[in-house]
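These notes are about the structure you will find just below.
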Amino acid sequence: MLSVDIEKLYPAAKTLVKAHAASRIHAKDATLYDFSTEAQACAEQYMGWADLASHPQCSLEEVRTFADAAVADGIDTVILIGQGGSTQAPMTITKYNKVDKNRVSFKTLDSDSPVRVREMLTGCDPEKTLVIISSKSGSTIEPRLLLEAVRASFDKTLGADTVKHLVAITDPGSDLEAQARAEGWRAVFPGEPTVGGRFSALSIFGLLPAALAGIDLDEFMAHAVQAEEACSEDAIDNPAINLAAFLYDNYLKGRNKFSFLTPKRGRVLGLWIEQLVAESLGKEGQGILPNIEIDSLLLTDDPGDRSIIMYQTKTDLWDESRNFEMSLAYIDNAIPRLNYRIESVYELAEHFIMWEYAIAMCGYLMQVCPFDQPDVASAKAEVIEILKNGQPEPNFTEVFTETVDMGRVEVSYAPVFEGCEDLHETLYALLSSIQPGDFFALNAFLPFTGEGRREAIETIRHGVAESFSVVSCLEVGPRYLHSTGQLQKGGPNMGVYLILSADELKDIPLPEAAEAASLGDLAKAQAAGDLITLAKRGRRCVHLHLPDNSGVTLRLLAQVVEDVIADIVTDRALAEAAAAEEEAELVDGTSEASAVVENVGGSEAGADGAEATDGAAAVATGEEAPGEPAIG
């Protein structure tokens with residue numbers, strides 16, 4: 001059952017209990033969000049998640065029967081195609097359970113990188129593979145175009161039988177539902193329209209993948225029911241209330257970020273939490289940023305803008321457990337911390353509910369609607385516009401390495417960097433704008449597989465974090481557009497963004513009727529659209545489109561960034577030294593001036609002092625002091 005190691009009771013907990021926030025959420029009482037007409041209207045449409053544990057919107061028996069039949073038919077691989085809330089919870093459940101043994105190989109495809117798509121398709125046998133397309137609206141561009149790429153590959157082996165390997169999860173009445181039924185797909189599972197994507201972990205979007213992986217849905221939902229009862233109670237020991245109060249009260253103190261620390265197994269939960277928190281609360285100039293990468297040595301001294309949420313997870317490897325404990329050993333105890341533990345995949349259900357309730361309550365406390373994502377829609381519109389009218393021209397292009405000609409990089413930037421004429425100057429302007437309390441995000445529309453790629457990208461992220469002592473995030477495109485992308489655009493202006501995309505060496509073409517000519521074109525449009533949307537909101541951002549995404553090209557880019565960081569650090573050190581020297585000179589000058597004044601004053605006081613001495617002596621001897629009347 002849910003348990004938490006909490007250091008103290010935070011004041012907002014009493015506020016939530018007094019407002020009956022937990023029970024009102026469970027009752028789907030949208031008036032909790034009556035601080036604005038728009039927020040209340042949105043809540044009225046999207047609070048169906050609040051009782052999914054006690055009132056499932058799908059038949060568990062039907063889901064289990066379908067999953068068992070698929071495995072019995074020889075299905076040994078499942079590919080889930082989707083974005084955002086449609087994939088994060090399933091990925092969390094299946095990856096967490098992988099260590100304990102999924103009964104199928106479960107793969108999540110939420111990247112439009114041709115490298116990633118080819119890798120996934122190469123590793124499966126279409127005859128034994130089930131493809132799930134998850135999309136609430138049924139119109140999200142990434143799943144639609146990824147489906148086209150996957151079908152083209154499967155058709156070569158399966159021909160007309162491809163449709164027997166396709167499953168749709170979508171809301172009733174969507175275009176995806178119509179297509180699936182018209183083409184005779186293996187199955188169509190309807191979603192619940194009142195459940196938003198990032199709150200859909202316990203809906204069919206999460207339960208069908210769980211069943212296919214071999215997870216006992218009855219046990220999974222039994223844990224969920226217990227958590228729902230605890231989290232909907234208006235009590236000071238409600239774990240969701242404690243979590244909400246911890247986040248909110250630290251937010252009020254300027255701790256608008258939290259570091260998510262966990263052993264390797266638990267990091268996939270961080271991706272789900274990242275989307276839930278960032279997309280729900282990052283709007284109207286407010287927001288709390290989850291930082292799910294581990295840079296624990298940056299927390300040896302309290303930076304003042306962060307709290308910590310730590311998850312212990314079950315691991316059978318002593319070394320992994322020990323390494324994690326050592327990573328925590330040097331963290332400043334002054335940083336507020338919550339500690340949780342998860343022993344099994346079934347306990348994930350409890351934490352899904354706790355976080356959903358807590359973030360819904362944070363929205364109430366912060367007076368932002370936790371159920372919409374206005375800036376995500378704006379970014380989507382920019383991408384569609386680019387695909388229709390063509391890529392915008394970059395500010396300039398250049399050969400970005402001096403020693404080796406790797407091709408030209410296209411450089412585009414926000415108006416705040418107007419006037420930059422080369423890559424070094426542009427990156428210098430971007431990174432030197434980082435101030436204490438900011439965060440850096442590397443928004444990468446790149447493959448993270450293949451030799452040297454991930455390492456090069458992490459070199460950039462770590463370099464920024466260590467050099468400027470700020471939170472530094474690695475965001476995977478296009479996934480982040482449906483996650484932290486909302487906070488980046490709608491939250492406080494505390495982010496500095498480097499967007500990366502690249503030409504594809506072996507692109508995957510799409511049908512002529514598709515919005516994009518290829519997956520590579522889609523990725524470049526999304527990166528460009530992200531820059532445009534961020535720039536319109538006054539954000540500090542630069543987009544680099546590289547000539548290719550090879551490991552060597554990315555390593556050379558990392559070297560360029562390292563050189564820029566070194567120049568910034570050196571220039572800042574020189575500026576600080578010059579300022580200190582100038583201050584010292586001012587102090588010395590002031591001391592010398594004071595000495596002169598004292599000397600001048602001392603000379604004048606010498607005559608007066610002599611008179612005073614003479615006067616004192618006269619009084620002592622009974623004689624008249626000079627210039628003074630006689631004492632009668």
Side-chain angles (χ1 to χ4, degrees), residues 4-19 21-22 33 35 236-262 270 273-274 276-311 328 330-340 354-355 357-370 434-441 465 468-473 484 486-488 490-496:
V4 57
D5 177 9
I6 189 168
E7 299 170 348
K8 65 178 182 178
L9 180 67
Y10 285 86
K14 294 181 179 179
T15 301
L16 291 170
V17 172
K18 185 177 180 180
Y33 303 97
F35 47 79
I236 210 69
D237 60 351
N238 177 331
I241 285 179
N242 281 315
L243 174 55
F246 173 84
L247 292 171
Y248 178 69
D249 284 328
N250 280 303
Y251 170 75
L252 291 182
K253 296 175 182 176
R255 298 184 184 272
N256 54 9
K257 312 169 187 72
F258 67 83
S259 295
F260 181 82
L261 305 179
T262 181
I273 290 173
E274 179 184 51
L276 180 71
V277 176
E279 195 171 32
S280 298
L281 304 179
K283 56 200 73 170
E284 299 179 22
Q286 299 193 70
I288 297 174
L289 174 72
N291 178 218
I292 63 172
E293 287 86 15
I294 295 179
D295 286 320
S296 56
L297 289 180
L298 294 178
L299 302 176
T300 53
D301 292 313
D302 180 11
D305 65 342
R306 268 159 271 181
S307 58
I308 292 173
I309 293 180
M310 192 275 288
Y311 266 86
L328 304 177
Y330 306 103
I331 295 176
D332 192 332
N333 289 326
I335 305 174
R337 183 191 300 192
L338 283 185
N339 300 313
Y340 294 102
M354 178 185 71
W355 276 93
Y357 267 78
I359 296 309
M361 287 189 269
C362 272
Y364 161 74
L365 292 168
M366 295 169 66
Q367 298 210 330
V368 298
C369 178
I434 296 174
Q435 300 298 322
D438 284 341
F439 72 90
F440 173 74
F468 303 116
S469 299
V470 295
V471 166
S472 184
C473 309
T484 50
Q486 170 61 46
L487 179 139
Q488 290 181 5
N493 193 354
M494 61 180 179
V496 175

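Remember, predicted model here, so these are calculated numbers, not experimental data.
Side-chain atoms of Thr484 and Cys473, non-hydrogen and from C-beta on, never get closer than 4.5 Å to each other. Using a 4.5 Å cut-off on side-chain heavy atoms (C-beta onward), Ile335 and Pro303 make contact. The shortest side-chain heavy-atom distance between Tyr340 and Thr262 does not fall under the 4.5 Å cut-off. The shortest distance between side-chain heavy atoms of Arg306 and Leu299 falls below 4.5 Å. Here the side chains of Leu247 and Ile359 are in contact, with some heavy-atom distance below 4.5 Å. Counting heavy atoms from C-beta outward, Phe246 and Ile309 have side chains that approach closer than 4.5 Å. Contact of the Pro336 side chain with the Tyr10 side chain is registered, since non-hydrogen atoms from C-beta on lie closer than 4.5 Å. With a 4.5 Å cut-off on side-chain heavy atoms, Leu338 and Phe258 do not count as touching.
Residue Ser259 holds its OG atom at 6.0 Å from CD1 of Ile308, rounded to the nearest 0.5 Å. Between the CG atom of Asp237 and the CG atom of Leu9 there is a distance of 10.5 Å, given to the nearest 0.5 Å. Here the CD atom belonging to Glu274 is positioned 7.5 Å from the CG atom belonging to Leu289, to the nearest 0.5 angstrom. Here the CE-CG distance, from Met361 to Leu243, works out to 8.0 Å after rounding to the nearest 0.5 Å.
Under the 3.5 Å distance criterion, the side-chain polar atoms of Gln486 are matched with a main-chain donor or acceptor of Gly282. Put simply, the side chain of Lys283 gets close to the backbone of Cys369: a donor and an acceptor are under 3.5 Å apart. Side chain of Gln286 to backbone of Met366: a donor-acceptor contact under 3.5 angstrom is found.
By the 30° and 60° cut-offs, the orientation of the rings of Tyr311 relative to Phe260 is tilted.
Closest approach of Arg337 to Asn339, counting heavy atoms only: CD-OD1, 2.9 Å. Looking at every heavy atom in both residues, Tyr357 comes nearest to Ala22 through CE2-O, 3.8 Å. Summarising the geometry of Ala244 relative to Leu16, their closest heavy-atom pair is CB-CD1, 3.9 Å, with the distance given to 0.1 Å. Summarising the geometry of Leu487 relative to Ile288, their closest heavy-atom pair is CD1-O, 3.4 Å, with the distance given to 0.1 Å. What you find for Gly287 and Pro492 is that their closest heavy atoms are N-CD, 3.7 Å. Scanning all heavy atoms of the two residues, the minimum distance from Val277 to Pro290 falls at CB-CG, 3.7 Å.
Legend: residues meeting side chain to side chain contact (heavy atoms under 4.5 Å, CB included) with Leu297, ordered by chain and number and at least two apart, are Thr300, Tyr330. The side chain to side chain contact (heavy atoms under 4.5 Å, CB included) check on Val470 picks up Ile434, Val464, Phe468, with sequence neighbours excluded.
Among residue pairs with one or both ends in residues 245-258, those qualifying as salt bridge (charged side-chain N to carboxylate O under 4.0 Å, His left out) are Arg255-Asp302, Lys257-Asp305; sequence neighbours excluded.
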